[in-house]
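Small disclaimer: the values here were computed from a predicted structure and weren't measured. Just so we're on the same page: letters track the sequence lines, and every chain starts at 1.
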Amino acid sequence: MIYFQYLVDAVGIGVLYALVALGLGLVFGVMRLVNFAHGELLMAGGYTLFLTASWPTPTRLAAVALVVTILALLIERLALRPLRGAAPTTTLIMTFAVSFLLRSIAQKKWSTQGKSMALFEWMARPAFEVGDIKVSIVTLMAIGIGGGLLVAVSLLLTRTPIGLQMRATAMDPIMAQTLGIRAELVVRGATVLSALLAAAALFLFAPQRPVVTPEYGLLITLIALVGIVVGGMNRLAASAAGGFAVGFAGSMVFSLLPRGQRVFLDSAVFGLVIVVLLFRPQGLFESMRKTSRL
Amino acid sequence: MPPSPTSGVPPILDVLDVAVEYGGVPALSGVSLSIAPGEVVAIVGPNGAGKSTLLKAIMRVEPLSSGDIIWRGNSLIPATPDKVARSGIAYVPEGRHIFGELTVEENLRLGAISRPSSSTDLAEARGWVASLFPVIAEGRNRHAGLLSGGQQQQLAIARALLADPDLLLLDEPSLGLAPLIIDAVFESIAEIRDAGTAVLLVEQRAQKAMEFADRSLVLAGGLIADRFGDGRAIDQDRVRAAYFDHSSSQDADG
């Protein structure tokens with residue numbers, strides 16, 4: 001019976017990582033770069049929550065969304081756009097440098113001591129208990145809101161003109177341009193969308209991990225990056241599914257490992273990743289058909 | 001020296017002494033040509049001659065190392081591919097490059113993005129395009145990747161037409177297609193020409209393309225090896241010579 005709780009918790013974590021992975025996958029698909037600094041959007045959101053602790057909640061959420069979006073647009077404009085057309089490793093190193101810079105600034109300002117984000121702390125309590133099973137409110141919210149967001153983004157991508165242009169750009173960016181699609185518009189749209197997904201992930205992470213440090217976003221980014229590689233980098237749905245899978249697997253392994261052996265969590269998860277990639281290097285959910293790009 | 005189009009009307013496209021290099025290796029060296037409104041110009045030549053590169057240069061997908069391209073009186077050099085598309089040039093690349101994971105309908109909608117607001121009603125255009133290419137009407141919600149090669153080619157051309165272009169760049173439309181389908185594709189190109197769109201057609205199947213076009217150029221080794229007028233009068237031996245003897249043209253030009 002306890003396995004049911006593990007399952008529900010794992011789904012909750014999986015959905016959160018799906019949101020982060022979707023944001024990363026969007027940026028990779030549309031701009032062809034791996035944004036190592038994506039997690040710092042969550043960190044920035046976290047410190048915004050810390051600084052606005054006394055504000056009414058809706059205003060706090062709006063402030064976080066604003067800060068995170070502006071930061072993402074600034075990073076794109078100042079650090080990424082000048083590198084348009086550079087080798088992928090160059091942009092990867094640039095995002096790594098941006099990540100390092102932002103974390104250093106946070107450390108200078110607020111030290112490595114954790115700061116309380118104080119968001120929805122009431123959510124960490126159980127929503128219902130059946131025997132041994134405790135399902136916390138935040139897990140239900142993560143599954144509900146997170147799942148809803150994934151559906152909303154999916155609708156945006158499949159039912160709106162800008163979504164169609166984003167998908168086309170992700171599949172074949174040069175062909176998309178020769179059809180008249182404006183690259184800057186699509187890039188800006190993907191940046192904003194990925195920032196809002198990061199903000200949403202933060203709101204849902206915060207109740208369970210309420211203390212923000214400069215390193216807050218780092219491990220989340222790593223896990224989500226692993227997720228998009230495992231799932232398949234060339235399709236957004238595959239990336240999100242990969243994020244879900246790694247988050248889900250990590251949570252399940254964590255729950256199932258005896259307490260003393262939890263230090264092996266990372267080894268276990270990454271061991272699984274190695275096995276998956278050995279047998280399916282294109283990603284678990286990637287279609288076998290290769291898309292040719294112009 | 002670019003030949004003036006036979007009609008005597010000022011050209012809409014002027015390619016002036018264009019050179020393109022890939023990593024120091026010249027792909028095009030000093031190519032010049034003009035296209036008049038509504039004209040069909042064929043570019044033929046052996047593999048690797050630079051024919052696709054020429055179309056990519058016009059579309060600004062490839063940068064020029066020297067020369068200029070004048071479209072409707074303005075240089076295309078500062079333009080990006082999307083600006084070229086929105087200024088009235090539509091591109092159907094080699095290998096079609098339809099979006100396989102999108103539906104036929106979605107592919108068509110993407111074609112209409114660069115349609116000028118002054119164009120005729122989109123619904124009317126879609127009707128015309130559907131009459132040219134029945135596959136469009138039949139399988140609108142099918143994934144484009146499931147279409148056959150010939151159907152994909154038709155979809156690619158239909159998509160390009162929905163932009164209501166003044167110039168259509170076609171790169172090897174007959175590649176990999178069965179003869180009957182090729183005939184159908186060329187029939188549709190004829191209708192496109194009759195509707196007033198200029199066509200720059202790159203083809204390896206020299207004979208068919210040259211018979212079809214108003215004027216033809218042979219591109220070999222990155223240079224224009226020969227030029228031909230009206231398709232019916234073309235001497236195939238002369239064409240063959242141009243394909244294989246471009247070294248002597250180089251001497252003549254140099």
If I take atom [atom1] from residue [X] and atom [atom2] from residue [Y], how far apart are they, to the nearest 0.5 angstrom?
| X | Y | atom1 | atom2 | value |
| --- | --- | --- | --- | --- |
| A/I174 | B/K56 | CD1 | NZ | 8.0 Å |
| B/R86 | A/L179 | CZ | CG | 11.5 Å |
| B/S114 | A/R182 | OG | CZ | 10.0 Å |
| B/I98 | A/M175 | CD1 | CE | 10.0 Å |
| A/T178 | B/L55 | OG1 | CG | 11.5 Å |
| A/T169 | B/F99 | OG1 | CZ | 7.5 Å |

Below 4.5 Å, heavy atoms only, C-beta onward: do A/I181 and B/D82 meet side chain to side chain?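 Result no, sub-4.5 Å side-chain heavy-atom pair not found.
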Pick one of side chain, backbone, both or neither for B/R60, based on which atoms fall under 4.5 Å of a heavy atom in chain A. neither
Checking heavy-atom separations under 4.5 Å from chain B, one finds in residues 69-82 of chain A none
Looking at A/R167 and B/E106, is there a salt bridge between them, counting it only when a charged N and a carboxylate O are closer than 4.0 Å?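 Salt bridge between B/E106 and A/R167, a charged N being under 4.0 Å from a carboxylate O: yes.
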Verdict with supporting geometry, A/Q177 and B/V84, side-chain contact (heavy atoms from CB on, under 4.5 Å): CA-CA 9 Å; A/Q177 279 210 291; B/V84 176; over 6 Å; no
Would you find more than 12 non-hydrogen atoms of other residues, nucleotides or ligands less than 6.0 Å from B/R72 atom CZ? yes
Can you give each donor-acceptor pair under 3.5 Å made by side-chain atoms of residues 15-27 of chain B, sequence neighbours left out, with the distance rounded to 0.1 Å?
| unit_1 | atom_1 | unit_2 | atom_2 | d |
| --- | --- | --- | --- | --- |
| B/Y22 | OH | B/T53 | OG1 | 3.4 |

